[in-house]
Amino acid sequence: MHFVIDRRWQGIRSTGRQSLELLACWRRHEWCSLQGHWHALMERAQLARRAPSLSQLIHDQLDLLPESRRRFRRNAEGRRAILQKLGRALRQLLSGGA
């Protein structure tokens, strides 16, 4: 019986550690995502300053839209995957960690 209790606590510790690692991964993902958005914003600002005319400004900004959409989609997919793993780990932790 003592062995079973030790195995259960090992499972809880392991699942708890996994949950904390996933939280750290989520935080890192969000930080990198914010950095990416910041760099894209700076790129847009540089292009806007260099544009010789309003039509060129609009053209340059519209050219960047597909990349912005791809970046947002990649970030959302990464976030979704991390949060799904985190949800599974937390459910497992709350159900006893096995």
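The structure presented is a predicted model; accordingly, all values stated were derived computationally and were not measured.
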Review point. Got a sec, which residues hit side chain to side chain contact (heavy atoms under 4.5 Å, CB included) with Leu20, two or more places apart in sequence or on another chain?
Key: Leu23
Review point. About how many Å separate CG of Asn75 and CZ of Arg80, when rounded to the nearest 0.5 Å?
Key: 11.5 Å
Point to revise | Atom pair SG/NE2 of Cys32 and His29 - distance to nearest 0.5 Å | key: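 Output value for this atom pair is 8.5 Å.
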**Study point:** salt bridge (charged side-chain N to carboxylate O under 4.0 Å, His left out) assessment of Lys85 paired with Glu21
**Key:** CA-CA 11 Å; Lys85 289 178 186 177; Glu21 288 171 359; over 6 Å; no
**Study point:** Distance-minimising heavy-atom pair for Gly16 and Leu93
**Key:** N-CD1, 3.8 Å
Exercise for review: For Gln61 and Leu47, work out which heavy atoms get closest and say how close.
Suggested key: NE2-CB, 4.2 Å
Check your understanding: When Ile, Leu, Val, Met, Phe, Trp and Tyr are grouped by side-chain heavy atoms lying under 4.5 Å apart, directly or through other members, which residues fall in the same group as Leu41?
Key ->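 Members alongside Leu41: Trp38, Met42.
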Review point. Does Leu90 belong to the same Ile/Leu/Val/Met/Phe/Trp/Tyr cluster as Leu83, with side-chain heavy atoms less than 4.5 Å apart forming each link?
Key: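 Hydrophobic grouping puts Leu90 with Leu83.
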Check your understanding: Do the side chains of Leu62 and Leu57 join up, straight or via other hydrophobic residues, at under 4.5 Å, putting them in one cluster?
Key -> yes
Point to revise | Residue pairs passing the salt bridge (charged side-chain N to carboxylate O under 4.0 Å, His left out) test where at least one lies in residues 22-39, sequence neighbours excluded | key: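 Every salt bridge (charged side-chain N to carboxylate O under 4.0 Å, His left out) pair that includes a residue of residues 22-39, provided the two are not neighbours, is Glu30-Arg79.
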Practice item. Name all pairs fulfilling the salt bridge (charged side-chain N to carboxylate O under 4.0 Å, His left out) condition that reach into residues 35-61, sequence neighbours left out, sorted by first residue then second. Key: none
Exercise for review: Could you list all the ring-ring contact (aromatic ring centres under 6.0 Å, His included) pairs where at least one residue sits in residues 45-64, not counting sequence neighbours?
Suggested key: none
Point to revise | Within-4.5 Å side-chain heavy-atom neighbours: Gln56 and Ser53 | key: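 Yes, side chains in contact.
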Point to revise | ring-ring contact (aromatic ring centres under 6.0 Å, His included) partners for His37, two or more places apart | key: Phe72
